Every structure is written in C-alpha cells, then in structure tokens.
Amino acid sequence: MTIGDYIKQCFSSFGDISDAGIEKFALELGLVPGSDADLESKKTVSDSVNKFMNKIFMHPASVSENGHSKSWGVDSLENYAKYMFKLYGITPDDETASLVGLSVIKDASNIW
C-alpha cells in the first residue's frame with residue numbers, strides 16, 4: 001500500500017479526496033505519495049488526518065475567560081469547513097456535510 005492509498009483510506013469515511021489533495025496532503029507532511037507506507041508514515045498520516053478533522057468538527061461555540069470572549073458565527077464556521085474541504089479536494093458525503101452544517105439539498109428537478 002502506498003502513502004497516497006493510505007491517505008485516501010483515512011479520508012474515505014468522510015468523503016472522497018482528489019489525487020491533487022492526496023499529493024498536497026502528503027507533501028505537507030514531507031512524504032512521497034507513491035512510496036510504500038510503513039508504520040511510521042501511517043502514524044504521521046493518521047495523526048495529521050485526525051488534526052485536520054478536529055479543526056473541522058471540534059470548535060468552541062463560545063469561550064469566556066476573565067473578560068476575554070471568543071466565539072465564531074455559524075457562517076464563518078461553515079465557510080471554514082468549506083475551505084478546508086476544498087483545500088484538500090475533499091467531497092464530503094451527505095452525513096459529513098450535515099454534521100458541519102453544509103447544505104445537502106440536491107437538484108431532483110430532472111427526475112421525471
């Protein structure tokens with residue numbers, strides 16, 4: 001199994017990732033997508049995918065500490081999620097899109 005194949009498998013539960021996204025993801029980690037995936041490279045990829053997805057799913061709605069407050073609007077979170085998916089060429093499946101608040105409405109007007 002190549003590193004590129006492993007990256008694709010790691011993202012498969014969230015949606016499809018493009019070949020360009022796989023290459024970019026691997027190169028940002030200092031890995032060659034076509035090389036064989038060993039245990040160390042799999043750990044590096046897995047940790048990076050987890051961090052990437054945590055950026056998408058794990059976010060504070062509001063933080064308040066000693067008069068300092070931090071919060072994001074829904075629109076900005078959706079835009080950030082869209083950006084992160086586009087960055088790696090990921091097409092989220094319906095369930096993932098719904099979880100991050102992206103529209104899952106499909107055009108069914110030509111069904112007849």
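Since this is a predicted model, take the numbers as computed values, not measurements.
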Minimum heavy-atom separation for [X] and [Y], please, with both atom names.
{"X": "Pro33", "Y": "Ile22", "answer": "CB-CG2, 4.5 Å"}
{"X": "Gly21", "Y": "Ser18", "answer": "N-OG, 3.0 Å"}
{"X": "Pro92", "Y": "Ala97", "answer": "CB-N, 4.2 Å"}
{"X": "Tyr6", "Y": "Ser46", "answer": "OH-CB, 4.0 Å"}

Given Ser41, which partner from the list Thr2, Leu31, Val32 fulfils the side-chain contact (heavy atoms from CB on, under 4.5 Å) test? Leu31

Can you find a heavy atom in the side chain of [X] that is under 4.5 Å from one in the side chain of [Y]?
{"X": "Thr96", "Y": "Phe85", "answer": "yes"}
{"X": "Ile7", "Y": "Ile17", "answer": "yes"}
{"X": "Val45", "Y": "Leu29", "answer": "yes"}
{"X": "Val49", "Y": "Phe25", "answer": "yes"}

To the nearest 0.5 Å, what is the distance between [atom1] ([X]) and [atom2] ([Y])?
{"X": "Phe52", "Y": "Tyr88", "atom1": "CZ", "atom2": "OH", "answer": "6.5 Å"}
{"X": "Asp16", "Y": "Lys8", "atom1": "CG", "atom2": "NZ", "answer": "7.0 Å"}
{"X": "Ser12", "Y": "Asp93", "atom1": "OG", "atom2": "CG", "answer": "9.5 Å"}

Applying salt bridge (charged side-chain N to carboxylate O under 4.0 Å, His left out) as the test, list every pair that has at least one member in residues 24-47; sequence neighbours left out. Lys43-Asp47

